[in-house]
S.K.: 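First the structure, which I've put down as structure tokens, then a few questions once you've had a look.
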Amino acid sequence: MAYWLFKSEPGVFSLSDLKAAPTDWSGVRNYQARNFMLTMQLGDGGFFYHSNSNPPGIVGTVEVVRTAYPDPTALDPKSPYYDPRSTLEKPIWQMVDIAFRSAFAEIVALDRLRATAGLEQMLLLRRGNRLSVMPVSAAEWRIILNLAGPS
DNA sequence: GCCAACGTTGGC
DNA sequence: GCCAACGTTGGC
């Protein structure tokens, strides 16, 4: 069982959108993020992070409900995520499916994460980090759930 | 809207 | 294989 963090701009896709229906995490075009998705297991937990919002922060939890499979938007010339290097036979990009699990009573804001002991090593907080999918350690997971309180 | 940080691209 | 240029991300 591993833990992850999924980043999304709420104006584009929010936790409420995910609550309405599970979704595929298509459109990831970063090799590191893709490689993380390739290692995800059914039932893995994830935080849902709202970026480019005020304040940015973690708003709830999700669950991996399907392991990695080819991202079809890479093959669609009309998609903004189209990648002509990718083919049906040799897909480059992968995605997983995630489902809503819980919404925090209050957002755990980025500045609060930064101020919390035990989260100093968190990948999310690293300077210049731009990954849309990243791992979270079990310890970090526990600390943040505590910050969030009952959902 | 600004800009620092980063990944990717492409010329050489 | 180097590295400058570029596009994108995301906090502020």
Side-chain angles (χ1 to χ4, degrees), chain A residues 2-20 22-40 44-64 67-137 139-141 143-149:
Chain A
Y3 301 103
W4 308 95
L5 183 142
F6 296 85
K7 212 190 267 179
S8 184
E9 300 188 27
V12 178
F13 189 85
S14 70
L15 185 64
S16 340
D17 295 327
L18 182 63
K19 190 173 185 179
T23 189
D24 56 69
W25 209 244
S26 61
V28 173
R29 295 293 178 268
N30 172 285
Y31 287 101
Q32 220 182 331
R34 179 203 65 181
N35 293 343
F36 287 139
M37 288 199 290
L38 284 170
T39 72
M40 290 183 187
D44 277 2
F47 286 128
F48 201 86
Y49 180 89
H50 281 174
S51 65
N52 268 316
S53 60
N54 191 16
I58 297 173
V59 290
T61 63
V62 305
E63 181 177 335
V64 175
T67 54
Y69 61 108
D71 180 345
T73 64
L75 302 179
D76 176 6
K78 290 190 295 292
S79 168
Y81 304 117
Y82 177 59
D83 184 347
R85 297 171 304 164
S86 197
T87 65
L88 249 183
E89 297 72 31
K90 288 195 161 186
I92 298 177
W93 302 111
Q94 305 273 318
M95 61 190 188
V96 297
D97 288 357
I98 61 172
F100 174 88
R101 193 196 266 167
S102 75
F104 294 161
E106 275 186 61
I107 187 170
V108 178
L110 180 59
D111 54 4
R112 185 146 180 243
L113 294 171
R114 289 196 192 285
T116 300
L119 299 182
E120 295 85 358
Q121 300 306 313
M122 211 184 165
L123 213 50
L124 176 74
L125 305 182
R126 295 263 171 87
R127 180 181 185 77
N129 169 66
R130 296 182 347 195
L131 284 173
S132 56
V133 173
M134 69 191 87
V136 170
S137 77
E140 291 159 355
W141 180 263
I143 290 170
I144 293 166
L145 283 185
N146 275 335
L147 289 178

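Throughout, a chain's letter reflects where its sequence line sits, starting with A, and its residues are numbered from 1. Please read all numbers here as calculations on a predicted model, not as lab measurements. Quick note: numbers below take in every heavy atom, side chains included, and nothing from hydrogens, waters or symmetry partners.
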S.K.: Below 6.0 angstrom between ring centroids: does that apply to A:Trp93 and A:Tyr31?
M.R.: yes
S.K.: To the nearest Å, give me how far apart CD1 (A:Ile92) and P (B:dT8) are.
M.R.: 12 Å
S.K.: Tell me which residues in residues 26-40 of chain A lie within less than 4.0 Å of DNA chain B, going by non-hydrogen atoms.
M.R.: A:Asn30, A:Tyr31
S.K.: I need the full list of side-chain hydrogen bond (donor to acceptor under 3.5 Å, both in side chains) pairs touching residues 67-76 of chain A, with sequence neighbours left out, sorted by first then second residue.
M.R.: A:Arg29-A:Asp71, A:Arg29-A:Thr73, A:Tyr69-A:Asp97, A:Asp71-A:Thr73
S.K.: Under the criterion side-chain contact (heavy atoms from CB on, under 4.5 Å), which of A:Phe6, A:Trp141, A:Trp4 is the partner of A:Phe47?
M.R.: A:Trp141
S.K.: Quick one: list whatever passes side-chain contact (heavy atoms from CB on, under 4.5 Å) with A:Asn35, sequence neighbours left out.
M.R.: A:Leu38
S.K.: Please enumerate all residues that pass side chain to side chain donor-acceptor pair (under 3.5 Å) together with A:Trp25, with sequence neighbours excluded.
M.R.: none
S.K.: Output the rounded distance in Å from CG (A:Asp111) to C1' (C:dG11).
M.R.: 11 Å
S.K.: Look for any protein N or O under 3.5 Å of an N or O in nucleotides 3-6 of chain C and output each such pair with its distance, or none.
M.R.:
none

S.K.: C:dG10 P sits how many Å from A:Glu9 CD, rounded?
M.R.: 7 Å
S.K.: For A:Gln32, give me all partners under side chain to side chain donor-acceptor pair (under 3.5 Å), at least two apart in sequence or on another chain.
M.R.: none
S.K.: Can you check the A:Arg126 CZ to C:dG10 P distance for me, whole Å?
M.R.: 16 Å
S.K.: Sequence neighbours left out, what passes side chain to side chain donor-acceptor pair (under 3.5 Å) with A:Ser137? Give chain and number order.
M.R.: A:Glu140
S.K.: Which whole-number value in Å describes the distance from A:Leu131 CG to B:dG7 C1'?
M.R.: 10 Å
S.K.: Nearest-Å distance, CG (A:Asp83) to P (B:dG7)?
M.R.: 18 Å
S.K.: Once side-chain contact (heavy atoms from CB on, under 4.5 Å) is applied, do any residues pair with A:Pro72, and if so which ones, sequence neighbours excluded?
M.R.: A:Met95
S.K.: Please list all pairs meeting salt bridge (charged side-chain N to carboxylate O under 4.0 Å, His left out) that have one or both residues in residues 101-113 of chain A, counting only residues at least two apart or in different chains.
M.R.: A:Glu63-A:Arg101
S.K.: Please identify each residue that fulfils side-chain contact (heavy atoms from CB on, under 4.5 Å) with A:Ala33, with sequence neighbours left out.
M.R.: A:Val28, A:Asn30, A:Leu131, A:Ser132, A:Val133
S.K.: Return the residues of residues 50-60 of chain A meeting this criterion: a heavy atom under 4.0 Å from some atom of DNA chain C. Order them by number, or give none.
M.R.: A:Ser51, A:Asn52, A:Pro56
S.K.: Residues two or more places apart in sequence or in another chain: which of them pass side-chain contact (heavy atoms from CB on, under 4.5 Å) with A:Leu75?
M.R.: A:Ser86, A:Leu88
S.K.: Checking contacts here: which listed nucleotide (B:dT9, C:dG10, C:dG11) is nearest the side-chain heavy atoms of A:Arg85?
M.R.: B:dT9
S.K.: Could you give the CG-to-C1' distance, from A:Leu124 to C:dG10, as a whole number of Å?
M.R.: 11 Å
